[in-house]
Trainee: 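Here it is, the structure, as structure tokens.
The figures here come from the full heavy-atom set of this structure, side chains too, leaving out hydrogens, waters and symmetry mates.
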Amino acid sequence: MPEKKYKRIDGRAPDELRPFSMRVGILKNADGSAEIRLGKNWIIIAVYGPREYYPKFEASQERAILNCRYHMVPFSTTERKPPKPSRREIELSKVIREALEPALILEEFPEMGIDVYIEVIQASGGTRVSSITAASLALADAGIPMRDLVVGCSAGKVDGKIVLDLNEEEDKEGEADLALALMPSLNKITLLQMDGQLAPDEFKEAVELAKKGALKLYKAQIEALRKRIEEMR
Ligand code: ADP
């Protein structure tokens with residue numbers, strides 16, 4: 001009898017992403033905007049700027065200041081989440097900013113600020129990496145000069161297997177969870193975080209798998225930008 005293929009709780013193969021879609025230019029008021037859906041995750045991004053930075057005395061004479069605000073709406077999870085920014089949201093705002101910054105040519109805009117608002121409408125594991133993917137699209141939509149797009153993807157270990165793109169249950173119950181963001185054309189990693197434990201060879205395998213997933217998402221990023229340009233013609 002052939003060996004039964006390993007299936008995950010949602011029926012995916014170990015190296016399979018959840019179904020996903022991306023759209024650019026979804027908000028009329030913002031300078032740039034984007035949306036990503038990945039499994040049950042649904043995230044909307046609005047970018048404003050470059051615009052004059054306030055308070056002025058905190059502006060930089062060398063470059064634009066990038067501000068990111070990651071926020072989960074109170075109805076984004078099954079358990080109602082308090083509206084006040086949590087420590088997790090404050091930390092993720094910083095982590096996401098640091099993952100995006102290396103791709104942006106901020107030196108072109110001294111004294112300016114760029115604001116990236118991330119609203120998680122529905123959350124289901126891996127929202128930080130999906131926020132990075134969509135934020136980079138919204139920044140491109142705003143016309144911010146970039147060295148490369150940034151794309152995020154997660155991998156981890158569940159039931160002893162290295163798997164791609166953990167859903168919420170896998171994230172909570174798995175042995176390890178790794179978040180990676182990548183500038184694909186430059187092949188530079190801008191975010192690498194891990195929860196749990198992996199042996200060195202498992203870590204390598206998870207990084208390679210997350211990179212592979214990121215490259216698939218990168219193709220969809222390019223496609224979403226192309227569609228946006230066609231719509232504007
Ligand atoms: P990430 O979303 O980047 O994986 P975490 O590992 O911190 O970040 O969170 C994993 C998942 O747990 C989230 O995607 C979300 O589905 C859920 N979650 C996070 N914070 C809360 C919260 N305050 N209440 C309920 N669920 C939450």
Trainee: If you compare all heavy atoms of V47 against all heavy atoms of A138, which two are closest, and at what distance to 0.1 Å?
Mentor: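 Smallest interatomic distance, heavy atoms only, reads CG2-CB, 3.6 Å.
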Trainee: Where is the tightest heavy-atom contact between N167 and R12, given as atom of each residue plus distance?
Mentor: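 Heavy atoms of N167 and R12 come nearest at N-NH2, 3.8 Å.
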Trainee: Would the number of heavy atoms belonging to other residues, nucleotides or ligands and lying under 6.0 Å from CG of N29 be above 12?
Mentor: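 No - once you tally the heavy atoms of other residues, nucleotides and ligands closer than 6.0 Å, there are 12 at most.
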Trainee: I'd like to know if L225 and L139 are part of one continuous hydrophobic network [Ile/Leu/Val/Met/Phe/Trp/Tyr, side-chain heavy atoms within less than 4.5 Å].
Mentor: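 They do share one cluster, since a chain of ILVMFWY contacts under 4.5 Å joins L139 to L225.
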Trainee: Applying side-chain hydrogen bond (donor to acceptor under 3.5 Å, both in side chains) as the test, list every pair that has at least one member in residues 147-164; sequence neighbours left out.
Mentor: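 Those involving residues 147-164 are E107-R147, D148-S185, K157-E202.
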Trainee: Write down the atom of K211, the atom of I189, and the distance for their closest heavy-atom approach.
Mentor: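 The answer is CE-CD1, 4.0 Å.
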Trainee: Check whether any side-chain heavy atom of L164 lies under 4.5 Å from a side-chain heavy atom of P14, and answer yes or no.
Mentor: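 Heavy-atom side-chain distance check fails, nothing below 4.5 Å.
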Trainee: To the closest 0.5 Å, what do you measure between NZ (K212) and CG (L182)?
Mentor: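 Between K212 NZ and L182 CG, I get 14.0 Å after rounding to 0.5 Å.
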Trainee: Should L178 and L166 be regarded as members of a common hydrophobic cluster, given that ILVMFWY residues are connected when their side-chain heavy atoms come within less than 4.5 Å of each other, either directly or indirectly?
Mentor: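 No, it is not one cluster - the side chains of L178 and L166 are not joined through contacts under 4.5 Å.
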Trainee: I'd like to know if the side chain of T133 and the backbone of G152 have a donor-acceptor N/O pair within less than 3.5 Å.
Mentor: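 A pair under 3.5 Å: yes.
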Trainee: Can you see which heavy atom on A206 is nearest to which on A155, and at what distance?
Mentor: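 So the two residues come closest at O-CB, 3.4 Å.
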Trainee: Within a 6.0 Å radius of atom CD on E58, are there more than 12 heavy atoms belonging to other residues, nucleotides or ligands?
Mentor: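 Enclosed.
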Trainee: Taking Y48 as the starting point, is it possible to reach M146 by hopping between hydrophobic residues whose side chains are less than 4.5 Å apart?
Mentor: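 No, no single cluster joins them.
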Trainee: List the atom of T127, the atom of I43, and the distance in Å for their closest heavy-atom pair.
Mentor: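 For T127 versus I43, the nearest heavy atoms are O-CD1, 3.7 Å.
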Trainee: When rounded to the nearest 0.5 angstrom, what distance separates CD in E173 from CD1 in I9?
Mentor: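 E173 CD to I9 CD1: 6.5 Å, rounded to 0.5 Å.
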Trainee: State, yes or no, whether a side-chain contact exists between I65 and I114 at a heavy-atom distance under 4.5 Å.
Mentor: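 Side chain of I65 against side chain of I114, heavy atoms only: no contact under 4.5 Å found.
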Trainee: When you group the ILVMFWY residues by side-chain heavy-atom contacts below 4.5 Å and let the links chain together, are W42 and V120 in the same group?
Mentor: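 Different clusters.
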Trainee: Which pair of heavy atoms, one from A134 and one from A34, lies closest together, and at what distance?
Mentor: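 Taking every non-hydrogen atom into account, O-CB, 3.5 Å.
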Trainee: Taking atom types as modelled and ignoring hydrogens, do the side chains of R128 and Q193 form a donor-acceptor contact shorter than 3.5 angstrom?
Mentor: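 Yes, Q193 and R128 have a side-chain donor paired with an acceptor closer than 3.5 Å.
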Trainee: How long is the straight-line distance from OG of S130 back to CG of L217, given to the nearest 0.5 Å?
Mentor: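 Here the interatomic distance stands at 7.5 Å.
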Trainee: Do any N or O atoms from the side chain of E108 and from the backbone of I105 form a donor-acceptor pair under 3.5 angstrom?
Mentor: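 Not at all, since once roles are kept as given, no pair shorter than 3.5 Å links the two residues.
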Trainee: Out of the candidates K81, K84, K94, only one should pair with E89 under the salt bridge (charged side-chain N to carboxylate O under 4.0 Å, His left out) rule; please name it.
Mentor: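 When salt bridge (charged side-chain N to carboxylate O under 4.0 Å, His left out) is applied between E89 and each of K81, K84, K94, only K81 qualifies.
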Trainee: How many angstroms lie between atom OG of S131 and atom NE2 of H71, to the nearest 0.5 angstrom?
Mentor: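 The OG atom of S131 sits 12.5 Å away from the NE2 atom of H71.
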Trainee: Can you tell if the side chain of Q61 reaches within under 4.5 Å of the side chain of E111, non-hydrogen atoms only?
Mentor: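 Answer yes - side chains close enough.
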Trainee: How would you list, by chain and number, every residue that makes a side-chain hydrogen bond (donor to acceptor under 3.5 Å, both in side chains) with D177, sequence neighbours excluded?
Mentor: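 Applying side-chain hydrogen bond (donor to acceptor under 3.5 Å, both in side chains) to D177 gives none.
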Trainee: First locate atom SG of C153, then atom CD1 of I132, and finally report the distance between them rounded to the nearest 0.5 Å.
Mentor: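 Reported to 0.5 Å precision, the distance equals 11.0 Å.
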Trainee: So do V116 and I118 actually touch side chain to side chain, heavy atoms under 4.5 Å?
Mentor: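 Sidechains of V116 and I118: in contact.
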Trainee: Would you say that M22 contacts L137 through its side chain, given a criterion of any heavy-atom pair below 4.5 Å between the two side chains?
Mentor: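 They are in side-chain contact.
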Trainee: Run the salt bridge (charged side-chain N to carboxylate O under 4.0 Å, His left out) check on R226 and E223 step by step: do they pass?
Mentor: CA-CA 5 Å; R226 196 169 282 149; E223 205 40 56; 3.4 Å; yes
Trainee: If you look only at pairs with a residue in residues 15-30, which of them pass as a salt bridge (charged side-chain N to carboxylate O under 4.0 Å, His left out), with sequence neighbours excluded?
Mentor: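 Listed once each, the pairs are R18-D165, R23-E35.
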Trainee: Got a donor-acceptor contact below 3.5 angstrom from the R8 side chain to the A13 backbone?
Mentor: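 Between the backbone of A13 and the side chain of R8 there is a qualifying donor-acceptor contact (under 3.5 Å).
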Trainee: Is any side-chain heavy atom of T190 closer than 4.5 Å to one of P102?
Mentor: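 Yes; the side chains approach each other to less than 4.5 Å.
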Trainee: If you define the side chain from C-beta out and look only at heavy atoms, does anything of V24 sit under 4.5 Å from K227?
Mentor: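 When only atoms from C-beta onward are counted, K227 and V24 do not touch, as no gap falls below 4.5 Å.
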Trainee: Within a reach of under 6.0 Å around CD of Q197, are more than 12 heavy atoms found that belong to other residues, nucleotides or ligands?
Mentor: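 12 or below, so no.
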Trainee: Let me confirm one number: the OG-CZ distance from S21 to R37, rounded to the nearest 0.5 Å.
Mentor: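 Here the interatomic distance stands at 6.0 Å.
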Trainee: Verify, without hydrogens or angle tests, whether S33 (side chain) and L27 (backbone) share a donor-acceptor contact under 3.5 angstrom.
Mentor: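 Yes, because the side chain of S33 sits within donor-acceptor range (under 3.5 Å) of the backbone of L27.
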Trainee: Is any side-chain N of the basic residue among K172 and E168 closer than 4.0 Å to the acidic one's carboxylate O?
Mentor: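 Salt bridge: yes.
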Trainee: Taking side chain as C-beta onward, heavy atoms only, is D115 less than 4.5 Å from R51?
Mentor: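 Yes, side chains in contact.
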Trainee: If you draw a 6.0 Å radius around CZ in R87, do more than 12 non-hydrogen atoms from other residues or ligands fall strictly inside?
Mentor: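 No.
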Trainee: Decide, yes or no, whether a salt bridge links R228 with D141 under the criterion of side-chain N to carboxylate O below 4.0 Å.
Mentor: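 So R228 pairs with D141 through a salt bridge.
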Trainee: Linking I/L/V/M/F/W/Y whenever any side-chain heavy atoms sit under 4.5 Å apart, do L100 and L92 land together?
Mentor: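 Shared cluster, yes.
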Trainee: Using the rule side-chain hydrogen bond (donor to acceptor under 3.5 Å, both in side chains), only one of E91, R88, R97 pairs with Y70; which is it?
Mentor: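 Result for side-chain hydrogen bond (donor to acceptor under 3.5 Å, both in side chains) with Y70: R88.
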